[in-house]
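Notes to accompany the following structure.
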Amino acid sequence: MKKETLYLPNLNGVRAIAALMVIIFHIELIKSEWGFRNDYLILNLGGDKGVTLFFVLSGFLITYLLLKEEQITSKISLKNFYFRRILRIWPLYFFIVLSSLFILPHISFLYEPPYHHPYIKSRIIIVILYLLFCGNVLTALYSHVNFVRPTWSVSVEEQFYLIWPILLKFSKNKLKSIKNVFILYWTLRLISGFLNSDFFHQHMGNYNFFSILDSVIFQTPFDSLSIGGIAAYITWSNKTFILNFLYNKVTQHIIFISLPLLLYLIQFHAQVQLFSRDIQCDNLIFSLIFAAAIINLAGNQNVIISLENKILYHLGKISYGLYMYHWIAIVAVINLIKQFDILKENILIFNIVLYTASFGLVILISHMSFTYFEYKFIVLKSKFSMITSGDLVKKIKN
């Protein structure tokens, strides 16, 4: 059977933006952990929303490709799906995890203040959970390892990938099944949130089973992934009424202009409520807006914003590396800057050097990793797919 070429525009640009949001957030977070003055506004904006954007995009792409595969071949091959995910995710993931657990902590210029594990102190358990893609569980328990901390979201996606193709393969009503995942997630979230309320804390203490359960569920946001899946189904099935509404110029302006405003307003409010036990819905709101934006960017020929340029395309292509290597790069740069008193004394120069060097280093490392390491496995993916990526070079406007 002949393979079909598929190209969804702008999505590499979305990957690039999501990665940059996370990197900027973590630069400010690492600065605060080192005792340097950080930008409080940036620290409370963007980082978790960058990860939310990644989740919505992943749910969209995986669902769309699986629906397209079934449309072309009349079936969904679980074996081929899992091989594709393994070849794309596992090599770099295990390289980072094993390096972070056993090698990087012993390199002097990568020194980072130690992180204490209040819940799980067993090194063996921590290693096993990372190897089993349960980094989100460790993060929920505040028990992670410095350099490998960003991989919690990779664990969430691997858990999602484990069940998603099975759900779509054996579901007669795919949209209903995707909606049911969203409903089930929020049912569990509301129940665990209620059991984690102040009333129960007064009787069972702050760190009881329900507190841990609520943290784990919060750290496994299948709602964002399923919202991406719903967006993919709408795009794939050409739901005309919904698409006409979302493609409308007025709707587009509301979507794209409201994002930065909501990012500030919602996150500022969430920061005020930081120590409350109320269930926060800001990620849910942003997931819906991100989904609407992705539907426009991927399928609307008259979208008012274009992310089609060579820089964003390349950054999107290497975005997995940007996400996985950036913590190491930032720590390396801070260790270097510490050697120069003049840089530490002038906050403006300090930030210029830190941001420039951090971005430059992580882009260089990610480019090299993609070219000489990851790509060797990506090429093998074509053996397990009936859909190939379009030739983007011809599509990008100079």
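Computed from a predicted model, the values in this text were never measured in an experiment. Throughout, numbering of the chain's residues begins at 1 and tracks the sequence.
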Test item: [X] side-chain N/O and [Y] main-chain N/O as donor-acceptor pair under 3.5 Å:
{"X": "T251", "Y": "Y247", "result": "no"}
{"X": "S358", "Y": "Y355", "result": "no"}
{"X": "N10", "Y": "G13", "result": "no"}
{"X": "R84", "Y": "F384", "result": "yes"}
{"X": "T151", "Y": "V148", "result": "yes"}
{"X": "N238", "Y": "I234", "result": "no"}

Flag yes if [X] and [Y] sit in one hydrophobic cluster, no otherwise; membership is Ile, Leu, Val, Met, Phe, Trp, Tyr, and two members link when side-chain heavy atoms are under 4.5 Å apart.
{"X": "L348", "Y": "L336", "value": "no"}
{"X": "V216", "Y": "L184", "value": "yes"}
{"X": "F241", "Y": "V250", "value": "no"}
{"X": "I305", "Y": "I257", "value": "no"}
{"X": "L132", "Y": "V137", "value": "no"}

Shortest non-hydrogen separation from [X] to [Y] and the atoms involved:
{"X": "F147", "Y": "P105", "value": "CE1-N, 4.1 Å"}
{"X": "L8", "Y": "A298", "value": "CD2-O, 4.1 Å"}
{"X": "S177", "Y": "S171", "value": "OG-OG, 2.5 Å"}
{"X": "S58", "Y": "L225", "value": "CB-CD2, 4.0 Å"}
{"X": "G229", "Y": "T63", "value": "CA-OG1, 3.3 Å"}
{"X": "W327", "Y": "N146", "value": "NE1-O, 3.4 Å"}

Report task. Check step by step if side-chain contact (heavy atoms from CB on, under 4.5 Å) holds for L168 and E70. Result -> CA-CA 9 Å; L168 294 182; E70 186 176 53; over 6 Å; no

Rounded distance (nearest 0.5 Å) linking atom [atom1] of [X] with atom [atom2] of [Y]:
{"X": "I72", "Y": "I387", "atom1": "CD1", "atom2": "CD1", "answer": "4.0 Å"}
{"X": "L29", "Y": "I24", "atom1": "CG", "atom2": "CD1", "answer": "13.5 Å"}
{"X": "L188", "Y": "I183", "atom1": "CG", "atom2": "CD1", "answer": "12.0 Å"}
{"X": "S385", "Y": "L87", "atom1": "OG", "atom2": "CG", "answer": "11.5 Å"}
{"X": "S237", "Y": "K174", "atom1": "OG", "atom2": "NZ", "answer": "12.0 Å"}
{"X": "L315", "Y": "K310", "atom1": "CG", "atom2": "NZ", "answer": "14.0 Å"}

Give a yes-or-no answer on whether the side chains of [X] and [Y] include a donor-acceptor pair shorter than 3.5 Å.
{"X": "W186", "Y": "D223", "result": "yes"}
{"X": "Q159", "Y": "N136", "result": "yes"}
{"X": "N80", "Y": "K383", "result": "no"}

List, one per line, each side-chain donor-acceptor pair under 3.5 Å for residues 360-369, sequence neighbours excluded.
from	atom 1	to	atom 2	distance (Å)
S366	OG	G321	O	3.3
S366	OG	L322	N	3.1
S366	OG	V362	O	2.7
H367	ND1	H314	NE2	3.0
S369	OG	Y325	OH	2.9
S369	OG	E374	OE2	2.8

Query - Atom CZ of F373 with >12 non-hydrogen neighbours under 6.0 angstrom - result: yes

Requested in this report: Walk me through it: do F286 and S224 pass the test side-chain contact (heavy atoms from CB on, under 4.5 Å)?
Outcome: CA-CA 9 Å; F286 273 98; S224 297; over 6 Å; no

Going by heavy atoms in the side chains, are [X] and [Y] under 4.5 Å from each other?
{"X": "K381", "Y": "F83", "answer": "no"}
{"X": "L53", "Y": "I294", "answer": "yes"}
{"X": "Y233", "Y": "L67", "answer": "yes"}
{"X": "Y161", "Y": "F81", "answer": "yes"}
{"X": "V14", "Y": "F290", "answer": "no"}
{"X": "P221", "Y": "T52", "answer": "no"}
{"X": "Q252", "Y": "L246", "answer": "no"}
{"X": "L11", "Y": "F60", "answer": "yes"}

**Report entry** Evaluation steps, side-chain contact (heavy atoms from CB on, under 4.5 Å), between F182 and L284
**Finding:** CA-CA 11 Å; F182 175 84; L284 172 59; 3.6 Å; yes

Report task. Would you please classify the geometry between the W34 ring and the F36 ring as parallel, tilted or perpendicular, with 30° and 60° separating the classes? Result ->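 Because their plane-to-plane angle is under 30°, the rings of F36 and W34 count as parallel.
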
Query raised in the report: In terms of the angle between their ring planes, are H26 and H326 parallel, tilted or perpendicular, with boundaries placed at 30° and 60°?
Result: parallel

Report task. In plain terms, say whether E157 and R85 are close enough for a salt bridge, that is, a side-chain N and a carboxylate O under 4.0 Å apart. Result -> no

Query raised in the report: Please walk me through it: do K49 and N283 pass side chain to side chain donor-acceptor pair (under 3.5 Å)?
Result: CA-CA 7 Å; K49 298 303 169 283; N283 279 337; 2.9 Å; yes

**Report entry** Ring center gap for F54 and Y323 short of 6.0 angstrom
**Finding:**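 Under 6.0 Å, so yes.
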
Under 3.5 Å, which donor-acceptor pairs link side chains of residues 89-103 to any protein atom two or more places apart or in another chain?
from	atom 1	to	atom 2	distance (Å)
W90	NE1	E158	OE1	2.8
Y93	OH	Y130	O	2.6
S99	OG	F95	O	2.6
S100	OG	I96	O	2.7

Report task. Test N244 against K239 for side-chain contact (heavy atoms from CB on, under 4.5 Å), laying out the working first. Result -> CA-CA 9 Å; N244 286 342; K239 294 282 185 181; over 6 Å; no

Query raised in the report: Going through the distances and angles, do K169 and E69 end up as a salt bridge (Lys or Arg N to Asp or Glu O under 4.0 Å)?
Result: CA-CA 11 Å; K169 180 181 177 67; E69 178 184 338; over 6 Å; no

